[in-house]
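Worksheet: one structure, shown below.
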Amino acid sequence: MMKFMFVLLAMMPLGFLNYFWLIQFSWMLVVFMFMLNYSFNYVYMYISYFWGVDLISYLMILLSFWVCALMLMASQKIYYTGFWSQFFLLVLVVLMLSLYMAFGSLNLFIFYIFFEISLIPTLMLILGWGYQPERLQAGVYLLFYTLFASLPMMISIFYYYSVFGSLDFYFLNGELGELVLYLCMNMVFFIKIPLFFVHLWLPKAHVEAPVSGSMILAGVMLKLGGYGLMRMMVVFLSLGLKINYFFIGLSLMGGLMVSLICLRQSDMKSLIAYSSVAHMGVALSGILTLSFWGMSGSLMMMIAHGLCSSGLFCLANFNYERLSSRSLYLNKGLINLIPSLSLWWFLFVSCNMAAPPSLNLMSEIMLINSVVSYDLLNMITLSMLSFFGAVYSLYLYSFSQHGKIYMGIFPFNSASFREYLILLLHWFPLNVMILKGELFSLWL
């Protein structure tokens, strides 16, 4: 664990030297180095100081490296314009370091510290490289939603220490039955994943963020919430069996409402951001069922959603760079102009609606199994969620690719090799990992 941390720290000077592609290549290299140490087991491995990985941490760190490397590829505009590109690189390296330490920590308090630290580089990305003036409001939403629930979490962590005598994850094996503690500890994760009613920061942050900000938010930051819940539900097993049904119902009904909201969106980024809320609502329900299928399916959904949503944000950004608009009323008939990108739109939209052979399909099957076996009535909301997921995905595809071309657009280039490579590196793992789906269920 420590050797990878030193590799990340060594990248900081490269940011000041503006070695954009060297950092990206290094991250890709680290992904393959990390894969050689694959944890084919649920036990903690590579333990050093407070750091170590089990299967969940391992997959999340791998996803973080992968998405961060692709963020650099997608942010070529910053490199060419030279708009604070050194500072941009430094922010990304600090963000990657904080995510690595958050997912790799074995101690609850250290996880909490880096969970909070990862918020600051994300805020800088939105405030520094966002597109509209409303990015200030989006940044404040992002910051205060999380900070609102952070203080109660910190106080409950201190209480944990007094009860358990340790904050290491493998010593948190007692039972706590207080509802106030449950809410204090888990509300920050509910906000992060996000649960319906506390999700309003997410669409705002996505719409105002640059492409790199959207990719890291959808790809990794939401997963911090799911990861934290997976770790902490062990402490609330008996209480969770009594009250989790309330949050499951809320997240499923919320996902259904958000799916209907998607059908009214004219901004492409906003539509993809709201679809994230719907997908993560199902993943949250899976975690709260406290079942083997639910946990495995949620882990798989988080990986699948991270790749799929990140790829969709890239596609929306490619359109934005050409047409200077994300409106579905102007992004029309693009199959006539860039037919090869149309194929990629189709592939990612079909992954978003859980078509085979994507990892989304396998995760949805597992989550539907777990949530329906928890309560048969959940079948109603789940079936509607699945249906409307297909509806808004097809709405996004047909509106942007078909129809009459808006004649007021300026001339633009077709897609470049770099853009196809970014899309391939999102799509390939998303559709190949289903062949080794059992790896996601080894950790229990």
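FYI, the numbering just counts along the sequence from 1.
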Distance-only criterion, 3.5 Å: show the donor-acceptor pairs between side-chain atoms of residues 139-160 and protein atoms not counting sequence neighbours.
| unit_1 | atom_1 | unit_2 | atom_2 | d |
| --- | --- | --- | --- | --- |
| Thr146 | OG1 | Leu142 | O | 3.0 |
| Ser150 | OG | Glu116 | OE1 | 3.2 |
| Ser150 | OG | Glu116 | OE2 | 2.7 |
| Ser150 | OG | Thr146 | O | 2.8 |
| Ser156 | OG | Pro152 | O | 3.2 |
| Ser156 | OG | Met153 | O | 2.7 |

Separation between OG of Ser105 and CG of Asp168, rounded to the nearest 0.5 Å:
9.5 Å
Reference residue Leu315; test side-chain contact (heavy atoms from CB on, under 4.5 Å); the match among Leu396, Leu347, Leu341:
Leu341
To the nearest 0.5 angstrom, please state how far the CG atom of Leu439 sits from the CD1 atom of Ile303.
11.0 Å
Quick check: are there more than 12 heavy atoms from other residues, nucleotides or ligands sitting under 6.0 Å from CZ of Phe346?
no
More than 12 heavy atoms of other residues, nucleotides or ligands under 6.0 Å from CE of Met28: yes or no?
yes
Compute the centroid of each ring, for Phe34 and then for Tyr58, and state whether the two points are separated by less than 6.0 Å.
yes
Take atom CZ in Phe50; do more than 12 heavy atoms of anything else shown fall under 6.0 Å from it?
no
Tell me, please, whether Tyr131 has Lys269 positioned over its six-membered ring: NZ or CZ under 6.0 Å from the ring centre and within 45 degrees of its axis?
no
Shortest non-hydrogen contact from Thr289 to Gly286?
OG1-O, 2.6 Å
Does atom CZ (Arg418) have a neighbourhood of more than 12 heavy atoms from anything else shown, all under 6.0 Å?
yes
Just checking, is any N or O donor in the side chain of Tyr182 or Asn244 under 3.5 Å from an acceptor N or O on the other one?
yes
With ring centroids as reference points, do Tyr161 and Phe109 lie under 6.0 angstrom apart?
no
Distance-minimising heavy-atom pair for Ser238 and Glu175
OG-OE1, 2.8 Å
Rounding to 0.5 Å, atoms CE (Met73) and CG (Leu70) come to a distance of 6.5 Å
With sequence neighbours excluded, what pairs up with Leu183 under the side-chain contact (heavy atoms from CB on, under 4.5 Å) test?
Leu179, Met187, Phe247
